[in-house]
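Report on one structure; see the data block that follows.
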Protein chains: 2
Amino acid sequence: MKCNPYIAESAALIGDPARAGMLSVLMDGQARTATELAHIAGVSPQTASGHLAKLREGNLLAVERQGRHRYYRLASEKVAQALEALMVLSRDGPPRFRPPGPRDAQMRFARTCYDHLAGRLGVTLTDAFVDLGYLIGSAEEFTVTAAGEIAFDKFGLDLKELRRRKRSFARRCLDWSERRGHLGGALGAALFIQFQKTGWIKRQNDTRAVRLTRAGAHGLAQEFGIDVKLLGDGAA
Amino acid sequence: MKCNPYIAESAALIGDPARAGMLSVLMDGQARTATELAHIAGVSPQTASGHLAKLREGNLLAVERQGRHRYYRLASEKVAQALEALMVLSRDGPPRFRPPGPRDAQMRFARTCYDHLAGRLGVTLTDAFVDLGYLIGSAEEFTVTAAGEIAFDKFGLDLKELRRRKRSFARRCLDWSERRGHLGGALGAALFIQFQKTGWIKRQNDTRAVRLTRAGAHGLAQEFGIDVKLLGDGAA
DNA sequence: TCCATACTTCGGTTAATATCGAACTATGAA
DNA sequence: TTCATAGTTCGATATTAACCGAAGTATGGA
């Protein structure tokens, strides 16, 4: 009863440690170049190239050429779902190594996603921008309104300069813990830097977790009308 | 940045054709002996024994001894979910080799997904529950409304008892053929059992396919306002 | 034009593992 | 006890595929 030999193909693709590492890191919704992924997986560029070709062939990854770079991202949300399901399995089982709780909560509250802010804080902030009429969202990216131009400018961002950069300006990035879109791209990255400069947030040492300071909580309420109390655990 | 080497382990286990075959056939929730599984996977008993040991070690299978037999079954619903998620992936992509076949049509119409109902029938039923105001769906699970409590109780389900169980109560399970969510969890399983008890559905021998009886068609229309004619092929 | 960078393809080596034959243990029946 | 069946472990073999060095293609910039 050779029922579904097909699932073996996809599973085998995910089953290689190097490829699993690439896929895992792409779960944050960001696209990455082949070289970045090679470094992340800890293999040589030519080995990575082989892996990436297989993942593409197996419809797990999609690729987009931009100049001499090739940006790889998960082919669809379904891929992310399958990866999630496998992560759940890996958490089961014997103790192995159960990553500790508090940091996990911190990560869900706020973390870096490549170079911008993700987690509950990132999503809430993005929602607030939309509510305030600063941003208009589409499936793949955000547009800054006239009101947004003024507000971000007042906050110390140079939008004109940001637009000149090659990378996409205000990409919608999918958050895997929140399963919601949030602001990425050049604008998201610039905001993240600005938040650090003003001391509103602090990166935790050697992790992707991000902490909101007292000044940050105050500032978010003042500037963007965000009540941090509503953000729940990890906000303190 | 060795993020999640864990998922590679589980995926690699599923990634072998022989093991994938065993796992696929166990998706129907039944337990099977090592020899049966060897035959299904098309390998010798000693090879199968090795595979089964690995699957057990990896917490994908659970085993129960009965006399000189060892009955293997999926270790948990989570394993079934991961397998389904991988089936969704395998369906994507280029044609490859899509075996149509009558059995396939039956499977797409209605089948067991571990211990609950999947396929077009499962999805339609779930949709009907939502339309009738019995369930409210979110990304990961369903909530039973007051109206739903009454209806399911009338149908012979003991929701209080179901809620007491450890497993999740009303999970949304993704279907590989329909690519839609349908009702799983303790509630989904209980409904499936109830449907069998009332003689509305019958399991096909040795497959995951499920047949809707004439009484079932009538009952679905009567109780839940579902017109089976709209379900297309395989309904007869 | 020339060079640097990003990425790929090719070829040979090496490590991992799926496979089965043979032999072993455990259970049930005569 | 003796035999048959279910399942296992062990050892040898063969296939697969991950890996990297070397060399190739494509793009961007000077």
Side-chain angles (χ1 to χ4, degrees), chain A residues 2 4-26 30-58 60-73 114 164-168, chain B residues 2 4-26 30-58 60-73:
Chain A
K2 294 253 168 164
N4 255 302
Y6 307 121
I7 82 168
E9 284 179 40
S10 305
L13 281 174
I14 306 172
D16 176 82
R19 287 193 294 258
M22 295 176 177
L23 291 167
S24 294
V25 78
L26 289 172
Q30 280 282 341
R32 287 180 174 74
T33 67
T35 317
E36 280 179 297
L37 291 170
H39 187 251
I40 285 163
V43 295
S44 68
Q46 57 272 38
T47 300
S49 178
H51 284 311
L52 291 169
K54 281 178 184 163
L55 289 170
R56 222 171 66 72
E57 174 67 20
L60 297 188
L61 290 188
V63 67
E64 204 175 325
R65 303 185 59 148
Q66 250 177 54
R68 52 183 165 178
H69 295 278
R70 300 204 182 173
Y71 284 91
Y72 288 90
R73 60 180 170 77
Y114 193 42
R164 269 201 294 277
R165 298 193 192 169
K166 265 195 214 146
R167 66 181 297 192
S168 89
Chain B
K2 295 252 168 164
N4 254 303
Y6 306 123
I7 83 168
E9 284 179 39
S10 305
L13 281 174
I14 306 172
D16 176 83
R19 288 193 293 259
M22 296 176 176
L23 290 167
S24 293
V25 77
L26 289 172
Q30 290 185 12
R32 286 182 174 74
T33 66
T35 318
E36 279 179 298
L37 290 169
H39 188 250
I40 285 163
V43 295
S44 68
Q46 56 273 37
T47 300
S49 178
H51 285 312
L52 291 168
K54 280 179 185 164
L55 289 170
R56 223 172 66 73
E57 174 68 20
L60 298 188
L61 291 187
V63 66
E64 206 174 324
R65 303 185 60 149
Q66 247 176 58
R68 53 183 165 179
H69 294 279
R70 299 202 183 175
Y71 283 91
Y72 290 89
R73 58 180 172 79

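All chains are named by letter (A, B, ...) in the order of the sequence lines, taking the proteins before the strands, and each is independently numbered beginning at 1. For the numbers below, each heavy atom of this structure counts, side chains included, while hydrogens, waters and symmetry mates do not.
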- Message: I'd like to check A/R73 versus A/L61 (side-chain heavy atoms, cut-off strictly below 4.5 Å). Are they in contact?
- Response: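 A side-chain contact under 4.5 Å is absent here.
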
Counting just side-chain N and O atoms, does [X] come under 4.0 Å of either OP1 or OP2 of [N]?
| X | N | value |
| --- | --- | --- |
| A/S49 | C/dT8 | yes |
| B/K54 | C/dA18 | yes |
| B/H51 | C/dT17 | no |
| B/R65 | D/dA6 | no |
| A/S44 | D/dC19 | no |
| A/R70 | D/dT27 | no |

Closest listed nucleotide, where the reference is the side chain of [X] and the choices are [options]:
| X | options | answer |
| --- | --- | --- |
| B/V43 | C/dT19, D/dA6, C/dT8 | C/dT19 |
| B/P45 | C/dA18, D/dT8, D/dC19 | D/dT8 |
| A/D16 | C/dT8, D/dA18, D/dC20 | D/dA18 |

- Message: Can you tell me which residue among A/I40, A/D16, A/L52 is in a side-chain contact (heavy atoms from CB on, under 4.5 Å) with A/M22?
- Response: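 The side-chain contact (heavy atoms from CB on, under 4.5 Å) with A/M22 is passed solely by A/L52 among A/I40, A/D16, A/L52.
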
Spacing between [X] atom [atom1] and [N] atom [atom2], to the nearest angstrom:
| X | N | atom1 | atom2 | value |
| --- | --- | --- | --- | --- |
| B/E64 | C/dT27 | CD | P | 16 Å |
| B/H69 | C/dA29 | NE2 | C1' | 13 Å |
| A/R68 | C/dT8 | CZ | P | 14 Å |
| A/L52 | D/dA17 | CG | C1' | 16 Å |
| A/I14 | D/dA17 | CD1 | C1' | 18 Å |
| B/Q66 | C/dG28 | CD | C1' | 14 Å |
| A/Q46 | D/dA18 | CD | P | 14 Å |

- Give a yes or no on whether the backbone of B/L13 and the side-chain of B/R19 come within a donor-acceptor separation of less than 3.5 Å.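 The answer is yes, because a donor-acceptor pair under 3.5 Å joins these two groups.
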
- Shortest non-hydrogen separation from B/L26 to B/Y72 and the atoms involved: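 That closest heavy-atom pairing would be CD2-O, 3.5 Å.
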
- Just by distance, with hydrogens left out, do B/Q46 and B/S49 show a side-chain donor and acceptor under 3.5 Å apart?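 Short answer, no.
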
- Message: What contact category does B/Y71 fall into here, base, sugar-phosphate, or nothing, at under 4.0 angstrom with non-hydrogen atoms?
- Response: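 Since no nucleic acid heavy atom lies under 4.0 Å of B/Y71, the category is nothing.
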
